[in-house]
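Since the structure comes first, as structure tokens, the remarks are kept for the end.
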Amino acid sequence: MLNLPFPVRDANATSGSDGLGNLPEWDLSDLYTSPDAPELEADMAFLEKECAAFAADYEGKLASLDADALLTCVLRNEKINQVAGRIMSYAGLRYYQLTTDAERAQFMSNCQEKLTNFTTPLVFFTLELNRIEDDALAAAFAANAELARYKPVFDRIRAMKPYQLSDELEKFLHDLGVVGDAWERLFDETIAGLTFEMEGEEVGIETTLNYLTEQDRAKREMAARELARVFAENIKIFSRVHNTAAKEKEVVDRWRKMPTAQTGRHLSNDVEPEVVDALRDAVVAAYPKLSHRYYELKRKWLGLDRMQVWDRNAPLPMEETKTVGWDEARKLVMDAYNAFDPRMGEIAEPFFTKGWIDAGVKPGKAPGAFAHPTVTNVHPYVMLNYLGKPRDVMTLAHELGHGVHQVLAADQGEMLSSTPLTLAETASVFGEMLTFRKMLDNAETKEQRKVLLAGKVEDMINTVVRQIAFYDFECKLHAARRESELTPEDINALWMSVQAESLGPAFDFMDGYETYWAYIPHFVHSPFYVYAYAFGDGLVNALYAVYAEGGEGFEDKYFDMLKAGGSKHHKELLAPFGLDASDPKFWDKGLSMISDMIDELEAMEG
């Protein structure tokens, strides 16, 4: 199934294209030229035939294969994944350009159903791999170096061994997957179809969220209340989607005997639960010195007795209302990338010149931003909703970082290129940091430096504090759903239980804010995804500290890390930098960078 990642900036992504210059659109022809392209039909025919042949050749026989035959089997499986991934990338990207178009939705759904039917006979592959004895597999790796390259993939597959069901049940769940996907589509189409009344005009969710970053407080309040009104009108749909998705997960987890609701995510991320717990605990313990302290500063800057939720992403009073045109944004990011290493700029350039970015805000387009890797013999595509806010420049830097990472990892091949979520945010957050530091170096006045520092602190709070609060909300939601069906009021209460704790005593919460959980796509598309952002930010802060200290050969080590894709564990990838994410003190290093920036902002107050 195509699983497109969604953006972290729940209320910072922005949306319109007036005066921004020539915003690029995707050219998807590198995947297929049209839905009825003969190449697409040929690939469908290949999959139907090859999946049946693969099952006939290998089902019930994996344990008896020698090393060379097992490698051939793995390579054939990889080719199937690549062709299927190409089809679903095309169908999915085309759909996200216009989610309200019935033909595009139908085309994607039909592709998904065909591929599910074709690949159901292949479910045996991972099940039989897990039945091969450890000694036999070790001997096969020793006998064939090319096969041994796939050991990290085998290790991740075999990590699921304790939670594996019977062959028949696994096939049943595989077939049933398209039904669960329908709830995700209902969520996407509902969000894309929402309309909001703003200043006498009907607009979509992106434009409305953009108002939350307006200098005019009355406009921010108007947007916040309008969001709450529309969410409340649709809350039963969102509640049904969350109830159903959480219940489906609970049933599958129970049958698999997963010890916690989070176990599946930790396994897919190739990260130990205790590492995630250490990250979560370190961030929660740091709330007072991070978000609480920063928002108290911001309250004073805004001249308010109390902050309201519509003030959270408000620009500072001394901040110029500035629109950054597309060409300027491109130059800012590319200058930062090239200054770090020209190789990075060289990889990023084609995104701008070859139709790999879709930047404009359009009716029916999916909200937010993402970078989708497609398949390793094509290239990634980046989606933005670019409106020219300074934060949009950071979103461009972020998603372009993903794109660079995906290009570099592609040489690993289809099965080894995919990076676990915990490390998938490394290049994106590092790209943001490079761009931010470049802008900070260019600041000409104390006020400009203050605005830039405050903006970066807010982004980091949104990436670390807010995402860990989201993670806590999800933990509570899934735990509660295991006990009972949840009313919208139940979910609202869980949401509010993490908000005051994370944002701090400077805030009051308007009536209606309790529904704001409804539009966060991660909760539906990728349960427990959100901690990966905090993981990535903490990791990059620690990495950047090593870079800033002038560590020899940093750039080469950094490129090697990105090129590794999913072929190495986080411990192995970070070792060349002298870092270890399993050390509880590791997270304090990353969090101290945010704290240091707040120290500087406080010092500016004299």
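All of these numbers come straight from a predicted model, not from anything done at the bench. Residues take their numbers from the sequence shown, with the count starting at 1. FYI, side chains are in, hydrogens and waters are out, and symmetry mates aren't considered; it's all heavy atoms of this structure.
- Under 4.0 Å is where a charged nitrogen must lie from a carboxylate oxygen, and between Glu170 and Arg256 at least one such pair does.
- Remark: the backbone N or O of Asp459 is paired with a side-chain donor or acceptor of Thr463 at under 3.5 angstrom.
- Ser418 contributes no side-chain N or O that, together with a main-chain N or O of Glu414, makes up a donor-acceptor pair within less than 3.5 Å.
- Across all non-hydrogen atoms, the minimal contact from Met44 to Ile87 is CE-CG2, 3.9 Å.
- Under the side chain to side chain contact (heavy atoms under 4.5 Å, CB included) criterion, Asn110 pairs with Gln106, not counting sequence neighbours.
- Contact check on Glu146 versus Arg149 returns a salt bridge, with a Lys/Arg side-chain nitrogen under 4.0 Å from an Asp/Glu carboxylate oxygen.
- Legend: salt bridge (Lys or Arg N to Asp or Glu O under 4.0 Å) pairs involving residues 467-480, not counting sequence neighbours, sorted by first then second residue: Arg280-Asp472.
- A salt bridge links Glu250 with Lys247: the closest approach of a Lys/Arg side-chain nitrogen to an acidic carboxylate oxygen falls below 4.0 angstrom.
- By the 4.5 Å heavy-atom criterion applied to side chains, Phe154 and Leu129 are counted as neighbours.
- Contact between Ala409 and Ser417 at its shortest, heavy atoms only, is O-CB, 3.3 Å.
- Within the structure, every pair that satisfies the side-chain hydrogen bond (donor to acceptor under 3.5 Å, both in side chains) test and touches residues 151-161, not counting sequence neighbours, is listed here: Asp134-Arg158, Lys151-Asp155.
- Side-chain atoms of Tyr337 come within 3.5 Å of backbone N or O of Ala397 as a donor-acceptor pair.
- A cation-pi arrangement is found for Arg94 relative to Phe107, the charged atom lying closer than 6.0 Å to the ring centre and inside a 45° cone about the ring normal.
- Atom CG in Asn144 sits 5.0 Å away from atom CG in Leu71 (nearest 0.5 Å).
- Not counting sequence neighbours, the partners of Arg481 by the salt bridge (Lys or Arg N to Asp or Glu O under 4.0 Å) test are Glu485.
- Across every non-hydrogen atom of Tyr58 and Glu128, the tightest pair is O-OE1, 3.9 Å.
- Each of Phe473, Tyr471, Phe528 was evaluated against His478; a single residue qualifies, Phe528, per the ring pair (Phe, Tyr, Trp, His ring centres under 6.0 Å) test.
- Put simply, the side chain of Ser29 never gets that close to the backbone of Tyr32: no donor and acceptor are under 3.5 Å apart.
- Between His522 and Tyr529, the ring centre distance stays below 6.0 Å.
- Within the structure, every pair that satisfies the salt bridge (Lys or Arg N to Asp or Glu O under 4.0 Å) test and touches residues 575-584, not counting sequence neighbours, is listed here: Lys571-Asp580.
- Of all heavy-atom pairs spanning Phe125 and Leu62, the tightest one is O-CD1, 3.5 Å.
- Comment: Asp30 does not engage Arg86 in a salt bridge, judged by the lack of any side-chain N to carboxylate O separation of less than 4.0 angstrom.
- Met160 places none of its side-chain heavy atoms less than 4.5 Å from the side chain of Thr126.
- One N or O on the side chain of Glu78 and one on the backbone of Met415 form a donor-acceptor pair closer than 3.5 Å.
- Around atom NZ of Lys171, more than 12 heavy atoms belonging to other residues, nucleotides or ligands sit under 6.0 Å away.
- With hydrogens and angles ignored, the 3.5 Å screen pairs no side-chain donor or acceptor of Asp537 with any backbone N or O of Tyr533.
- When atom types are taken as modelled, the side chain of Asn269 and the backbone of Val271 share no donor-acceptor pair closer than 3.5 angstrom.
- Nearest heavy-atom pair, Trp26 versus Leu93, reported as atom, atom and distance to 0.1 Å: CZ3-O, 3.4 Å.
- Qualifying side chain to side chain donor-acceptor pair (under 3.5 Å) partners for Thr119, counting only residues two or more places apart in sequence or in other chains: His174.
- The ring of Phe554 has its center closer than 6.0 angstrom to the ring center of Phe577.
- Summarising the geometry of Asp556 relative to Arg343, their closest heavy-atom pair is OD1-NH2, 2.9 Å, with the distance given to 0.1 Å.
- Trp517 and Phe470 have their aromatic ring centers separated by at least 6.0 angstrom.
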